[in-house]
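Heads up, the thing below is written out as structure tokens.
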There are 2 protein chains.
Amino acid sequence: MTLTDRQREIYDYIVAFRRENGCSPSIPEIQKHFDIRSPNGVAGHLAALEAKGVIRMADRIGSRRIEVVAEKQVPSELLHALPVFGHIPAGPPQEFQSTSAESTAIFDETMLGFKPKEGCFLLKVRGESMKDAGILNGDMVVIEPTPSPAAGQIVAALIDGESTLKRLVRVKGRWFLKAENADYPELYPRADLVVQGVVRTVVRKLG
Amino acid sequence: MTLTDRQREIYDYIVAFRRENGCSPSIPEIQKHFDIRSPNGVAGHLAALEAKGVIRMADRIGSRRIEVVAEKQVPSELLHALPVFGHIPAGPPQEFQSTSAESTAIFDETMLGFKPKEGCFLLKVRGESMKDAGILNGDMVVIEPTPSPAAGQIVAALIDGESTLKRLVRVKGRWFLKAENADYPELYPRADLVVQGVVRTVVRKLG
DNA sequence: AGTCATAGTGTAATTATTTACACTTTAGAG
DNA sequence: CTCTAAAGTGTAAATAATTACACTATGACT
């Protein structure tokens, strides 16, 4: 059963109001917005919308009980906004919190695989240095700043003023950074390198 | 300035109520929950919480105007819930809409890279058949059912009753499915295969 | 001993909101 | 032409929610 034009107007207003204000409009507010002079005018529409199953009244007493059925109820404590960078800014980790983020992406914690602390960010990968580890040019990676990364983790490091991804390995008690691409078999001693963080999640968009 | 124990209890209740009901509790509702006999008992807490900057009153007249400052206002039309499957169920695409989903994941449209239509789902990858395309065992991929996939796209296909990922290629006018792993150089003619959909997004969680 | 912040009680007035009921207008369908 | 659904007007009562004011109790700090 489809909505009439008027019902859709009212429905759209409720959805917009909820998005804007985080709660439903009251009947008088709907009246004012549509210049309907009687609360019953609105009540009729609400009854019709409820009969058609697109809204529902919350089962409690009180005001503002309209709920939009189609609205997904996202437990927002499981969503995390991460800043997106095109490259890793040099300098101490604190400085690039809010300064040069190009945008923000929302991540579901179950997809992220961990609970991000302050300082996590998304980075667009440039270069194929970790191709054999399944990280390609153009992928997005979630970086978690870590004071002490473990052997075997993939880290973002500043090498010669440029940030790249490498795997942190330990050979005969010494730390190295290793590219995983048959074409770049370099090994960098970790000594004078700044490790910015470890890669926790990889995301790739395909055509 | 930190909250007192009591203020934190009330704050937590407001946050929980908002998550549960999509709108703030009224003062009488807070009273009932904490067994506070005077509306002013609650009003004092609200004033303190507002002074400390953790809540704010919506600037409109009316009821239920408490807003939680820390709450991220996510434009929910850019978030999409996708069902998660451990494997691709056989059978017509419509049948596995809500039947056997193991869970649901929320995706930001900007991370997804496209606006998902009905029928999209997340699939846990088993096997290394697309290793050289950067898709590894255990990765999650977003599958979009497509009636006519294009050459070069990675598709999920039912081969010998088992679903795997392959790249769709066209050689001398004929369609084939090709694994991208030096160890499995098979080419499957497309003829008798059911293509379930194309891979649009790849997500990998790392330790 | 006095002051202040915190956390209330109790009451009342005012405003907002819902709900109920009786009735009207208009346009389309049979 | 009659009937019905949709979209109202108008009013009233009942309930819910906010706001304001006067006052109390307790513990920490000075």
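None of the values given here were measured: they were computed from a predicted structure.
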Please report, rounded to the nearest Å, how far the [atom2] atom of [N] is from the [atom1] atom of [X].
X       : N      : atom1 : atom2 : answer
A/Phe34 : D/dT9  : CZ    : P     : 13 Å
B/Gln7  : C/dA7  : CD    : C1'   : 9 Å
B/Leu46 : D/dA17 : CG    : P     : 14 Å
A/Lys32 : D/dT9  : NZ    : C1'   : 17 Å
B/Asp35 : C/dG10 : CG    : C1'   : 15 Å
B/Arg8  : C/dA7  : CZ    : C1'   : 18 Å
B/Asp5  : C/dA5  : CG    : P     : 19 Å

Can you tell me if [X] touches the phosphate of [N], counting only side-chain N or O atoms and a distance under 4.0 Å to OP1 or OP2?
X       : N     : answer
B/His45 : C/dT6 : no
A/Arg37 : D/dT9 : yes
A/Gln31 : D/dG8 : no

Enumerate the protein-to-nucleotides 20-27 of chain D contacts in which both atoms are nitrogen or oxygen and the separation is below 3.5 Å.
unit_1: D/dC21; atom_1: N4; unit_2: B/Asn40; atom_2: ND2; d: 3.3
unit_1: D/dA22; atom_1: N6; unit_2: B/Asn40; atom_2: ND2; d: 3.1

_Using side-chain heavy atoms (C-beta onward) and a distance below 4.5 Å, is A/Leu79 in contact with B/Ile106?_
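The answer is yes; the side chains approach within 4.5 Å.
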
Interatomic distance, [X] atom [atom1] to [Y] atom [atom2] [nearest 0.5 angstrom]:
X        : Y        : atom1 : atom2 : answer
A/Ile143 : A/Ile154 : CD1   : CD1   : 9.5 Å
A/Lys117 : A/His80  : NZ    : NE2   : 10.5 Å
A/Asn137 : A/Arg126 : CG    : CZ    : 9.0 Å

*Just compare D/dT19, C/dA7, C/dT19 and give me whichever is closest to any side-chain atom of A/Ile27.*
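The nucleotide sitting nearest to the side chain is C/dT19.
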
*Which nucleotide in the list C/dA7, C/dT18, C/dT9 gets nearest to the side chain of B/Ile36?*
C/dT9

*So, are B/Glu180 and B/Lys178 salt-bridged, with charged N and O less than 4.0 Å apart?*
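Salt bridge between B/Glu180 and B/Lys178, a charged N being under 4.0 Å from a carboxylate O: yes.
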
*Salt-bridged, B/Glu29 to B/Lys32, with N to O below 4.0 Å?*
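No, B/Glu29 and B/Lys32 are not salt-bridged.
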
*Passing candidate, side-chain contact (heavy atoms from CB on, under 4.5 Å) with A/His45, options A/Ile55, A/Ile14, A/Ile10, A/Ile27*: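 That would be A/Ile10.
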
*Would you mind telling me which of B/Val203, B/Thr201, B/Ile135, B/Val199 makes a side-chain contact (heavy atoms from CB on, under 4.5 Å) with A/Arg204?*
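Exactly one candidate clears the test, B/Ile135.
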
*So, does A/Arg56 use its side chain to make a donor-acceptor pair with the main chain of A/Glu67 at under 3.5 Å?*
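Looks like no, no N/O pair under 3.5 Å.
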
*Is there a donor-acceptor contact under 3.5 Å from the side chain of A/Asn21 to the main chain of A/Cys23?*
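Not a single qualifying donor-acceptor pair exists.
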
*asked:* Would you say A/Ser38 and A/Asn40 are linked by a side-chain donor-acceptor pair, where the criterion is simply a distance under 3.5 Å?
replied: no

*Contacts to DNA chain D from residues 49-58 of chain B, heavy-atom cutoff under 4.0 Å, which residues?*
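Those residues whose heavy atoms fall under 4.0 Å from DNA chain D, taken from residues 49-58 of chain B, amount to none.
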
*Measure the acute angle between the ring planes of B/His33 and B/Tyr13, then classify it against the limits of 30° and 60° as parallel, tilted or perpendicular.*
parallel

*By a strict heavy-atom criterion of less than 4.0 Å, which residues belonging to residues 60-69 of chain B are in contact with DNA chain C?*
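Those residues whose heavy atoms fall under 4.0 Å from DNA chain C, taken from residues 60-69 of chain B in numerical order, are B/Ile61, B/Gly62, B/Ser63.
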
